[in-house]
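What follows is a short report on a single structure.
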Amino acid sequence: TLAAVVASLLAVVAFQQRKEALAELQEALRQASVGLAAQALAELEGTQSERAVLLALEALEYYPYTPQAEAALARAVQETLPYREIEGDPGFRGIWTLAWSPDGRRLAVSSGGNASGDRSARILEADSGRTIAELPFILDYVRGSSCYLWGLEWSPDGKQLAVAVNEELGIYDIACHQLEIYDPSSGVLLLKLDSKAEYSLDWSPDGSRLLTGGEDGVTRLWDAQSGELLGELPGQSAEVVAARYSPDGSRFATGSVDSTVLVRDAASFELLYTFNASQVSTFRENYPPVTGVPAWLGRRTAATWPAR
């Protein structure tokens, strides 16, 4: 009937009007977001730059997404959060390893070695960037390649710093092998252990032992006070590039380039579990050249298993 046709036409018109109204509302909200982003950037030039972060967050949280709001938040965070840029020595070949002290007041950093053979590890005051101490070992070129500081670990009480120096993966040269413990306050060498070409290390939670992972696939336990070798634990067929105690010190785990993770009892050294990370690309396949930080287990860099 005519009435039905008219009613249908009116419904279509009403629907179209509502659709246009919603589109206009969305556009108005987007423009409001752009306006807040502009206001946030303007606040960066004033005396209350922290407001820029709040304005950009408001634009992203309560209004439709706009790239202007995202860019404003990124810039606001970058320019308002406190940070300190610490310059390395001119001869540094990039920062290779770093570690915070347990109290968060100091930072140990190491370069990837340098051509001049300058000292390449130092202890910095975190707040000021002031150098507190330099560690008196040299990372220099050896037969066309370089030595690198692979392990850098503070003792739980922050009074000692253990370092493990080795060469690039796939290159064996005993001249690079160093396993040492330093006083981080003075840089004085406290203990030199009989290095077995370590790529990883960790302190036991009580600070009495050092756990290391070797180039030969062997995990080793050391007395951290005397340097005595307490145990050698084979079981992995390639370099052990990760070694960690559990927080309570009852177990430790090691991860190898062969894509296995072994969990052992810390007292008896008994092997408790073996996990296979074969779904993860190996270090050797994806190891980048000396220009950057190693992608430890390849592109997929982490996996989690129940600790049981």
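Here the structure is a predicted model, which is why all the values come from computation and not from measurement.
- Between D202 and E153, the shortest heavy-atom contact is OD1-OE1, 4.2 Å.
- The line from OG of S101 to CG of L107 is 8.0 Å long, rounded to the nearest 0.5 Å.
- Residues I123 and L161 meet the side-chain proximity criterion, which asks for heavy atoms closer than 4.5 Å.
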Pair T219-E232, side chain to side chain contact (heavy atoms under 4.5 Å, CB included): steps then yes or no | CA-CA 6 Å; T219 299; E232 293 185 291; over 6 Å; no
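- Here salt bridge (Lys or Arg N to Asp or Glu O under 4.0 Å) pairs that include residues 1-17, with residues two or more places apart or in two chains, number zero.
- Applying the salt bridge (charged side-chain N to carboxylate O under 4.0 Å, His left out) rule to K192 yields the partners E180; only residues at least two apart in sequence or on another chain are considered.
- Looking at residues two or more places apart in sequence or on another chain, you find a side chain to side chain donor-acceptor pair (under 3.5 Å) between S33 and T66.
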Output a table of donor-acceptor pairs, distance under 3.5 Å, between side-chain atoms of residues 22-29 and any protein atom two or more places apart or on a different chain; print 'none' if there are none.
| unit_1 | atom_1 | unit_2 | atom_2 | d |
| --- | --- | --- | --- | --- |
| E27 | OE1 | R30 | NE | 3.3 |
| E27 | OE1 | R30 | NH2 | 3.2 |
| E27 | OE2 | Q31 | NE2 | 2.8 |

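- Looking at V188 and Y182, their side chains never come closer than 4.5 Å, going by heavy atoms from C-beta outward.
- Among the candidates L190, L191, L210, the single residue satisfying the side-chain contact (heavy atoms from CB on, under 4.5 Å) test with Q160 is L190.
- When all heavy atoms of A224 and I181 are compared, the pair lying nearest together is O-CD1, 3.6 Å.
- Residue pairs meeting the ring pair (Phe, Tyr, Trp, His ring centres under 6.0 Å) criterion with at least one partner in residues 216-258, sequence neighbours excluded, are Y245-F252.
- Between the side chains of S237 and D258, a donor-acceptor pair is found at a separation under 3.5 Å.
- Residues forming a salt bridge (charged side-chain N to carboxylate O under 4.0 Å, His left out) with D194 (at least two apart in sequence, or on another chain): K196.
- Residues E198 and S195 bring a donor and an acceptor atom of their side chains to less than 3.5 Å of each other.
- Nearest heavy atoms, V263 versus A253: CG2-CB, 4.1 Å.
- Taken from CG in L179 to CG in L201, the straight-line distance is 7.0 Å, to the nearest 0.5 Å.
- Scored by the side chain to side chain donor-acceptor pair (under 3.5 Å) test, E70 finds Y65 as partners (sequence neighbours excluded).
- The shortest side-chain heavy-atom distance between R122 and V109 falls under the 4.5 Å cut-off.
- Taking both residues in full, the closest heavy atoms of P205 and P156 are given as O-CG, 3.3 Å, listed atom of the first, atom of the second, then distance.
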Kindly indicate, with the supporting measurements, whether the criterion side chain to side chain contact (heavy atoms under 4.5 Å, CB included) is fulfilled by L262 and L271.
-> CA-CA 7 Å; L262 306 185; L271 179 61; 3.9 Å; yes
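- Here V240 is tied to no hydrophobic group at all, with no ILVMFWY side chain closer than 4.5 Å.
- Smallest separation of non-hydrogen atoms from A133 and P184: CB-O, 3.6 Å.
- Residues L233 and R264 form a side-chain contact, since some pair of their non-hydrogen atoms from C-beta on lies under 4.5 Å apart.
- For L57, the side-chain contact (heavy atoms from CB on, under 4.5 Å) partners at least two apart in sequence or on another chain are V53, L73.
- In this view, R106 satisfies the salt bridge (charged side-chain N to carboxylate O under 4.0 Å, His left out) rule with no residue, not counting sequence neighbours.
- A pairwise comparison of heavy atoms in S155 and P102 identifies O-CG, 3.4 Å as the closest pair.
- The closest side-chain heavy-atom distance from R51 to Q39 is below 4.5 Å.
- Counting only residues at least two apart or in different chains, ring pair (Phe, Tyr, Trp, His ring centres under 6.0 Å) contacts with residues 12-34 are absent.
- Every side-chain contact (heavy atoms from CB on, under 4.5 Å) that L41 has, sequence neighbours left out, goes to L44, A72, R75.
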